[in-house]
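These values consider heavy atoms only, across backbone and side chains, with no hydrogens, waters or symmetry-generated copies. When a ligand or atom number is given, it counts from 1 through the structure's own listing order.
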Amino acid sequence: MKAIYPGSFDPITYGHVDIIKRAACMFDELIVVIMINEEKTPLFSTEERLEMLKETVGDIPHVTIQASKGLTVDFAHREGASVIIRGIRAVMDYEYELQQSTVNMMLADDIETVFLLAKPMYSFLSSSSAKTVAYHQGDLSRFVPDNIAKRLKEKLHQQ
Ligand code: ADP
């Protein structure tokens, strides 16, 4: 069975890496897909986020990386995937995810959303908290892998 794990990954954190490793064990194939949302202004370009995902999780067996525009369910259909993976950290995520997955159910009833609970050690972790810590020159070692910490520092230095 094929699954997709959509997100912004701006940038990828240890929380995302954990979900990717766990989901890769559950499915024959997992496509990690950057969904390009024109309403949001990401810190990193799509190309940079693709590079960072490849550097960080590109070697995990059964995992491939892509970027896509449009609806997540349309991407899943094009790829022949029947499962969407999402991570849940807290009640706040649940409300948003419930809304998104219900919309997806209305659009495509052949696709299931599977939620993986964040490990407690990562439940505080988000791309935006990593960006805030980086902005204030804090210790990123528990947030993102070293290659991502380096890129975050370079990016914020450029700005
Ligand atoms: P989006 O903009 O689609 O929410 P994100 O890149 O922020 O994209 O997150 C992608 C998915 O990963 C979401 O389902 C989110 O809840 C989940 N996620 C984010 N951070 C973590 C974490 N620390 N642990 C587990 N899941 C997470």
Side-chain angles (χ1 to χ4, degrees), residues 2-27 29-58 60 62-76 79 81-105 107-108 111-135 138-149 151-152 155:
K2 209 184 216 186
I4 67 168
Y5 178 37
S8 309
F9 306 107
D10 185 40
I12 184 169
T13 68
Y14 278 130
H16 296 127
V17 174
D18 182 58
I19 297 285
I20 293 167
K21 285 185 178 159
R22 287 159 59 197
C25 297
M26 296 166 64
F27 297 94
E29 209 180 318
L30 177 71
I31 306 172
V32 180
V33 55
I34 299 167
M35 293 308 300
I36 301 163
N37 179 350
E38 256 124 41
E39 287 159 33
K40 283 193 199 168
T41 312
L43 178 63
F44 292 97
S45 68
T46 307
E47 289 68 31
E48 287 169 325
R49 285 180 282 156
L50 275 170
E51 276 172 23
M52 290 188 282
L53 281 171
K54 283 183 186 152
E55 281 171 25
T56 314
V57 294
I60 300 174
H62 319 292
V63 173
T64 56
I65 292 139
Q66 292 197 41
S68 179
K69 287 186 181 158
L71 293 173
T72 305
V73 289
D74 289 343
F75 176 80
E79 294 296 326
S82 51
V83 172
I84 297 173
I85 299 286
R86 296 287 289 177
I88 298 231
R89 287 161 291 190
V91 176
M92 206 177 69
D93 277 347
Y94 177 75
E95 288 189 29
Y96 173 75
E97 297 293 339
L98 180 68
Q99 192 199 347
Q100 290 297 313
S101 60
T102 307
V103 170
N104 287 340
M105 241 189 265
L107 294 171
I111 295 178
E112 288 290 349
T113 303
V114 171
F115 296 107
L116 296 184
L117 294 185
K119 290 235 182 91
M121 63 198 290
Y122 301 129
S123 63
F124 67 95
L125 234 176
S126 64
S127 298
S128 41
S129 59
K131 284 183 273 200
T132 305
V133 172
Y135 185 78
D139 176 11
L140 283 167
S141 60
R142 292 204 295 155
F143 289 70
V144 295
D146 290 348
N147 58 322
I148 308 297
R151 281 187 184 252
L152 261 173
K155 175 65 80 179

- Note on the structure: Here the pair of heavy atoms bringing His16 nearest to Pro11 is CE1-O, 3.8 Å
- Only counting residues at least two apart or in another chain, list the ones meeting side-chain contact (heavy atoms from CB on, under 4.5 Å) with Ser68. Val33, Met35, Phe75, Arg78
- Taking everything shown except Glu51 itself, do over 12 heavy atoms lie less than 6.0 Å from its CD? yes
- Shortest non-hydrogen pair, Thr46 vs Ala67, comes out as CG2-CB, 3.6 Å
- Scanning both residues in full, the closest heavy-atom pair of Ile12 with Val144 reads O-CG1, 3.5 Å
- Task: Count the heavy atoms belonging to other residues, nucleotides or ligands that lie under 6.0 Å from OH of Tyr94, then report whether that count exceeds 12.
- Result: no
- Under 4.0 Å from ligand 1 - residues by heavy atom, chain and number: Tyr5, Pro6, Gly7, Ser8, Phe9, Gly15, His16, Ile19, Lys40, Arg86, Gly87, Arg89, Asp93, Glu97, Ala118, Tyr122, Leu125
